[in-house]
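The block underneath contains the structure these notes are about, expressed in structure tokens.
This one's a predicted model, so the numbers in the text were calculated from it and none came from an experiment. Counting starts at 1 for both ligands and their atoms, in listed order.
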Amino acid sequence: MQYQFPDNFWWGSASSAPQTEGAAFEDGKGENIWDLWYKNEPNRFFNGVSATEASTFYKHYRSDIALMKDIGHNSFRTSISWSRLIPTGHGEVNPKAVEFYNNVIDEMVAQGIQPFINLFHFDMPVAMQEIGGWENREVVDAYAEFAATCFKLFGDRVKHWFTFNEPIVPVEGGYLYDFHYPNVVDFRRAVTVGYHTILAHSKAVMAYRAQQQDGQIGIILNLTPSYPRSQNPADLRAAECADLLFNRSFLDPAAKGEFPQGLIEILKQYDQMPDCQVGDSDIIAAGKVDLLGVNYYQPRRVKARLTAVDQNSPFMPEWLFENYEMPGRKMNPHRGWEIYEKGIYDIMINLRDNYGNIPCFISENGMGVEGEDKFLKDGQIQDTYRIEFIQDHLSWLHKAIQEGADCRGYHLWTFIDNWSWCNAYKNRYGFYSLDLKTQTRTKKLSGEWFAQVSKNNGF
Ligand code: BGP
């Protein structure tokens, strides 16, 4: 074997409640912003497909967990839907939801699959959004209570908790770039949303520690390295700004308990500081995590702006840099994202050298393919491109581990092809393909291959 991974390495995949469960209006679940937005604007979703049924995990969790086991999962990440557990966001707990999540967790444990549970995957309850969502500090407290409730209910069996998945994404999608509800374009409000998300994260971490359980609590961040076009100081500064805004805005508070000075300077310079209250910095300092999940799909390449900014346009991150298309870059032609395997190594080395070698794992990595049916042969998706993609990333990850990075596992996005926000079922990522009409799951070639990797703890 060429690449042997450390003992007890986590092999598995990741998903989330809103993207898999379906049963969006069943058994007392409250609405989340995706249910609401779909009602208002179904045209914003690829082929008009909603998450109402998604991939029916709510119904089929037991057989799905058997499929996980079949391809060698020793761990799996999903999330608890806030609006299923507490339909109005705070107050009454829904007993049907408690029963469902108990069943899922018990079944995973019984099958030898460690449950990694995340508490927020873009799915704000409507009742909370109606009072301002993350712009309102009351929502921060309601979230912390929801988190504490989850720890109490399920913490005896769940030993790996995550407060948020990719918390920068609702900031970008909902408040800057119009790809999540509530479709606001307003940098200052975006900053407030991000700031309150960090407070919510820290309060959840505090709630976990107050319960003195014996597990770990972390956060999952999409760390997208920012590569400058050149070593020209203007390009370097552009990359630094992108890194501060999109990576370090969450990484520094989560790993070091404070915001980077450079980010504060940018916000002050452009008059975009959020409303900070006395005591906030202590809360943020208490939010340092035990474990960091790293999602990595593609790099970000930037250059200094070539043109002057229109001062009448709303302030945007792109006032500070422009995206750069590197000639000769390798593309995933089926998704339109660059593939840069070494990025995974660069992230690990950055965490080793600049973040105290914080314990981490790859919590998402994967290759989306539109129209994947074209690779169907004899009833199976022959996704050799995905196997190659995973291998190439794992070999760079292996090198980082050899060089001392504290990486403890690899989860693919995703288990069974699932619903993905506005892209719905456009890009397929799973180890299993999903027939949307019949809900049949079929193992792809990559699923077979992964079972071997997990069994051999390497390849
Ligand atoms: C990640 C999210 C996932 C998932 C994935 C695929 O950033 O955490 O929730 O949706 O992206 O995205 P897409 O289907 O748009 O290619």
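- Atom 11 (O) of ligand 1 has Y297 OH, 4.0 Å as its closest protein atom, hydrogens excluded (heavy atom only).
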ask   = Should Y101 and W82 be marked as a ring pair (Phe, Tyr, Trp, His ring centres under 6.0 Å) after you check the CA-CA gap, both sets of side-chain angles, and the distance that decides it?
value = CA-CA 12 Å; Y101 290 115; W82 185 358; over 10 Å; no
request  = Kindly indicate, with the supporting measurements, whether the criterion salt bridge (Lys or Arg N to Asp or Glu O under 4.0 Å) is fulfilled by D141 and K203.
outcome  = CA-CA 8 Å; D141 292 326; K203 286 192 172 192; 2.8 Å; yes
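- By the 3.5 Å distance cut-off applied to N or O atoms, H121 is counted among the residues near ligand 1.
- Relative orientation of the F450 and Y410 rings is tilted, given thresholds of 30° and 60° on the angle between their planes.
- The aromatic rings of H411 and F361 lie perpendicular to each other, with more than 60° between the two planes, well past the 30° mark.
- Nearest protein heavy-atom contact of atom 15 (O) of ligand 1 is N423 ND2, 2.7 Å.
- Between R335 and ligand 1, a contact under 3.5 Å exists for at least one N or O pair.
- Taking atom 16 (O) of ligand 1 as the reference point, the nearest protein heavy-atom neighbour is Y429 OH, 2.4 Å.
- Residue contacts with ligand 1 include N165, since one of its heavy atoms falls under 4.0 Å from the ligand.
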Listing, residues 321-331 side-chain donor-acceptor contacts under 3.5 Å, not counting sequence neighbours, or none:
{"from": "E322", "atom 1": "OE2", "to": "L306", "atom 2": "N", "distance (Å)": "3.1"}
{"from": "K330", "atom 1": "NZ", "to": "E341", "atom 2": "OE2", "distance (Å)": "2.5"}

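- For atom 1 (C) of ligand 1, the nearest non-hydrogen atom of the protein is E364 OE1, 3.4 Å.
- Heavy atoms of G368 stay at 4.0 angstrom or farther from ligand 1.
- Close approach of ligand 1 to S420 is summarised as follows: ligand atoms under 4.0 Å from at least one heavy atom of the residue are 4 (C), 6 (C), 10 (O), 12 (O), 13 (P), 14 (O), 15 (O).
- Residue Q19 places a heavy atom under 4.0 Å from ligand 1.
- The aromatic rings of Y429 and W413 lie perpendicular to each other, with more than 60° between the two planes, well past the 30° mark.
- For the side chain to side chain contact (heavy atoms under 4.5 Å, CB included) with F154, the qualifying choice from D106, V104, T149, I80 is I80, the only one to do so.
- With sequence neighbours excluded, the residues that form a side chain to side chain contact (heavy atoms under 4.5 Å, CB included) with I131 are M128, N136, E138, V139.
- When W337, W413, Y296 are checked for heavy-atom proximity to atom 4 (C) of ligand 1, W413 turns out nearest.
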